[in-house]
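Data first, discussion second: the structure below is written as structure tokens.
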Amino acid sequence: MKEFLLGKLDGHALPHEWFTIGGSVAFVLLGLFVVLVLTRLKRWKWLWNEWLTSVDPKKIGIMYFLAAGFMLVRGGLDAIMIWLQQAISVDGSQGYLSADHFQQVFTAHGNIMVFFVAMGFIFGLINYIVPLQIGARDLASPFLNTLGFWLYIAGILMINMFFLLGGEYAATGWLAVAPLSGPEFSPGVGVDYLIWSLQISGVGTTLGAINFIMTILKMRAPGMTLWKMPLFTWGSLCSMIMAATVFPLLTATLFLLFLDRSFGTHFFTTGGGGDPMMYTNLIWMWGHPEVYILVIPAYGLFGEIVSTFSRKRVASYTANVLGLIGVSVFALSVWLHHFFTMGAGADINSFFGLMTIIIAVPTTVLVFVWIATMYKGRIRFTNPMLWFLGFMGVFATGGISGVMLGFPPADFQLHNSLFLVAHFHSNVIGGVLFGIFAGITYWFPKIAGFKLNQRIGRYAFWCWIAGFCLSFIPMYILGLMGATRRLDHYDSSTGWQPLYVMMLVGGFVIATGVALQIVQIIASAIEKRRLRDTTGDPWDGRSLEWATPSPAPFYNFAAIPQVTSRDAFWEMKKQGLPKPVYEDIVMPKNTAAGIYISILAFLAGFGFVWDIFWLAGLSILGIIICVIVRTFNEHTEYTIPAAEVEKLEEARARATKAADAHKVADTGEDMGLREFIKVVLKWAWDVIRNKRWRTW
């Protein structure tokens, strides 16, 4: 009976090692702090009604940013732990991590950064910006949007659940390659946590991708044909088509691995007639396109930024769009270069090596379009433009090393080395993260209503650039010297330690950059009266999102704009903005259905992790019931009358005028670190002197 009720769950699942105990205490204290603050401020009802149950894609986008930012810190700490172990674990010293714990940290870092940092930020940007760029008030399915977000949150909870129950994460590498992920080599629950965190969040990604595709194809403003869409929207469309294509493959692959582990099937077990190479093929048929799913929206974003800050139309819109499509198509046919060393044969290796080199062609087309756009432009070196230029340098390093790895003979020597890890991070940090930072900086006035502090932002940018060079250039060198991936101990005779120490120093410099980005946001909030955007168009932008106030109202547009050209808002400004004609607006109602379904999905995954099959079965039944109830709910929308829309717009105009009148004059230079520290210390002294903490 006990086994039926609790499955494998027993007292040994409680935290019992220093890292799980520390992680559990940290998460519990963080949760208690949030609960205390919300209770003291009496914000529970506000949080539930205004945010948690909201179907507004702008609010969902902001929640994606917050969750992904938290996971960036979480995954970054894992990276520091890895580099610290490698810097000190030499000769007689075994470092501070056991070999198994090191592999768990290594695996968690990869899963967190790809699934819960990069994907979270990209989905946040698409949620907030794409509806505004295409002149839509919402997404095609607001319910699927909120469901996708809460499944993402459920995945975050699942991937961190091992701190509280289980005591271990997978030690298999971030893709859980078979047979290492099978029950023979990984008998604990770590791989199961990996499987179900990725399954739950992956289903949310698939639903979100379908929703974005339908929104872009069916909800564009009148006159906006496909060939008049902004480049970020084009990049998002290509990315989401790829996601809808390959994420079901990830779901199926992980489900087969789950069957092998929990029910004794042998899909990937050689002894039972299965084939581990089938797992490798399936997981990389998803895994390599995933990198491009992340980077292609950034490609579109860079086209927008270069055009705006060069004060020119993009040099060749058609070439840019065809480059995005070309990268998307070729990205689906290069996955086998990840296992050239597995003996697929000379013909197959030659084909995939050739495709790996060819994919550089559309990428190079994009680069030349951006360079041509800057040529003879009046370039403004704002922070978004700095992130773009940083991307050009870092991503070029990753692209050149990628072409090297596209040659099977070179790959045979470098495949399992740190050279490959450095190549991957050059692409993901330079292409994805720098793109995300550029996009958030560029659209921050639209999101928050005020610009980010440019001065502290420049400090953060240079920390990221310096930290990247210190961390990953030594990694290229170590790879050429023979250092392998996942190495937690080595001999001093190799001469590797100074380079590992340099990587650790680079990690601390990057961490400083992250801290400065947080300081940048706080300093900007302190200075928001001076940095406030009262025009809705702080950069003199070209696309429709800049036609809305900052921040945009919940209905986005009081009157849907009529599009006549590619740079729709730029043309509107030249011809004079039309007077809006107000009409009734139909908007979706808030719903908690996505939260309920995600809680049940988490419980189902937890049940499968611990073999509590009655819990998993009841949770799946609950999901089905929730979906049926939601499907037959006919009261999911409400109407805002035209007269009410006009009143809201007039009230907003008066508030903007008042804010503009009280806006502090721009003195030129933003607050620096010294001024920020003075402000914080003054505030802290004021709290202590006046005993303000007693009010808490």
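Side chains included, hydrogens not; waters and symmetry mates left out as well; all remaining heavy atoms used. All residue numbers in this chain count up from 1 along the given sequence. This one's a predicted model, so the numbers in the text were calculated from it and none came from an experiment.
- Between Gly398 and Ser401 the shortest heavy-atom distance is O-OG, 2.9 Å.
- For the pair Gln94 (side chain) and Ser89 (backbone), a donor-acceptor distance under 3.5 Å is absent.
- Here Ile595 contributes atom CD1 and Leu600 contributes atom CG; the two are 12.0 Å apart, rounded to the nearest 0.5 Å.
- Ile597 contributes atom CD1, which lies 8.0 Å from atom OG1 of Thr591 (distance to the nearest 0.5 angstrom).
- For the ring-ring contact (aromatic ring centres under 6.0 Å, His included) with Tyr169, the qualifying choice from Trp174, Phe102, Phe106, Phe162 is Phe162, the only one to do so.
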message: Test side-chain hydrogen bond (donor to acceptor under 3.5 Å, both in side chains) on Ser492 and Asp91; report intermediate values, then the result.
response: CA-CA 6 Å; Ser492 62; Asp91 288 338; 2.5 Å; yes
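- Residues Phe267 and Leu282 fail the side-chain proximity criterion, which asks for heavy atoms closer than 4.5 Å.
- Interatomic distance, Phe65 CZ to Leu72 CG, rounded to the nearest 0.5 Å: 13.5 Å.
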message: ring-ring contact (aromatic ring centres under 6.0 Å, His included), that's the test. Do Tyr64 and Tyr128 meet it? Break it down for me.
response: CA-CA 10 Å; Tyr64 266 117; Tyr128 204 105; over 10 Å; no
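- For OH of Tyr96, the number of neighbouring non-hydrogen atoms (other residues, nucleotides, ligands) closer than 6.0 Å is greater than 12.
- Here the side chains of Phe116 and Ser201 are in contact, with some heavy-atom distance below 4.5 Å.
- Within the 4.5 Å cutoff, no side-chain heavy atoms of Tyr193 are placed close to those of Asn160.
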task: Applying side-chain hydrogen bond (donor to acceptor under 3.5 Å, both in side chains), run through Ser471 and Trp83 and close with a yes or a no.
output: CA-CA 9 Å; Ser471 294; Trp83 283 329; 5.8 Å; no
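- Formation of a donor-acceptor pair under 3.5 Å by the Tyr500 side chain with backbone atoms of Gln85 is not found in this model.
- Atom CZ of Phe263 is surrounded by more than 12 heavy atoms from other residues, nucleotides or ligands within 6.0 Å.
- The distance between the ring centers of Phe123 and Phe149 does not fall below 6.0 angstrom.
- Separation of the Trp196 and Phe606 ring centroids does not fall under the 6.0 Å cut-off.
- Remark: Ser197 OG to Met161 CE distance equals 12.5 Å, nearest 0.5 Å.
- Annotation: Tyr292 is in aromatic contact with His288 [ring centroid separation under 6.0 Å].
- The pair Glu50-Lys59 meets the salt-bridge criterion, with a side-chain N (NZ, NE, NH1 or NH2) lying under 4.0 Å from an Asp/Glu carboxylate O.
- A 4.5 Å side-chain heavy-atom check between Leu433 and Phe437 finds at least one atom pair inside the cut-off.
- Here the CH2-NZ distance, from Trp610 to Lys8, works out to 7.0 Å after rounding to the nearest 0.5 Å.
- By the 4.5 Å heavy-atom criterion applied to side chains, Ile159 and Met71 are counted as neighbours.
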side-chain contact (heavy atoms from CB on, under 4.5 Å) assessment of Phe212 paired with Ser236: CA-CA 8 Å; Phe212 288 131; Ser236 301; over 6 Å; no
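- For the pair Ile620 and Phe608, the minimum side-chain heavy-atom distance is below 4.5 Å.
- The shortest distance between side-chain heavy atoms of Asp488 and Leu97 does not fall below 4.5 Å.
- In this pair, Phe247 and Phe115 present their aromatic rings perpendicular. The plane angle is above 60°, beyond the 30 to 60° band.
- Residues Leu405 and Phe340 share a closest heavy-atom pair of O-CE1, 3.8 Å.
- Counting only N and O atoms by type, the side chains of Trp464 and Gln517 include a donor and acceptor under 3.5 Å apart.
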task: Carefully, step by step, assess Ser598 and Tyr152 under the rule side-chain hydrogen bond (donor to acceptor under 3.5 Å, both in side chains).
output: CA-CA 9 Å; Ser598 297; Tyr152 165 80; over 6 Å; no
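- Pro142 approaches Val55 most closely through the heavy-atom pair CB-CB, 3.8 Å.
- A donor-acceptor contact shorter than 3.5 Å is absent between the side chain of Gln103 and the backbone of Ser98.
- In this structure, a donor-acceptor pair under 3.5 Å is present between the side chains of Asn145 and Asn127.
- Using a 4.5 Å heavy-atom cutoff, the side chains of Asp411 and His337 are not in contact.
- For the atom pair CE of Met475 and CE of Met503, the computed distance is 3.5 Å after rounding to the nearest 0.5 Å.
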- request: Test Asp491 against Trp496 for side-chain hydrogen bond (donor to acceptor under 3.5 Å, both in side chains), laying out the working first.
  value: CA-CA 8 Å; Asp491 193 273; Trp496 296 344; over 6 Å; no
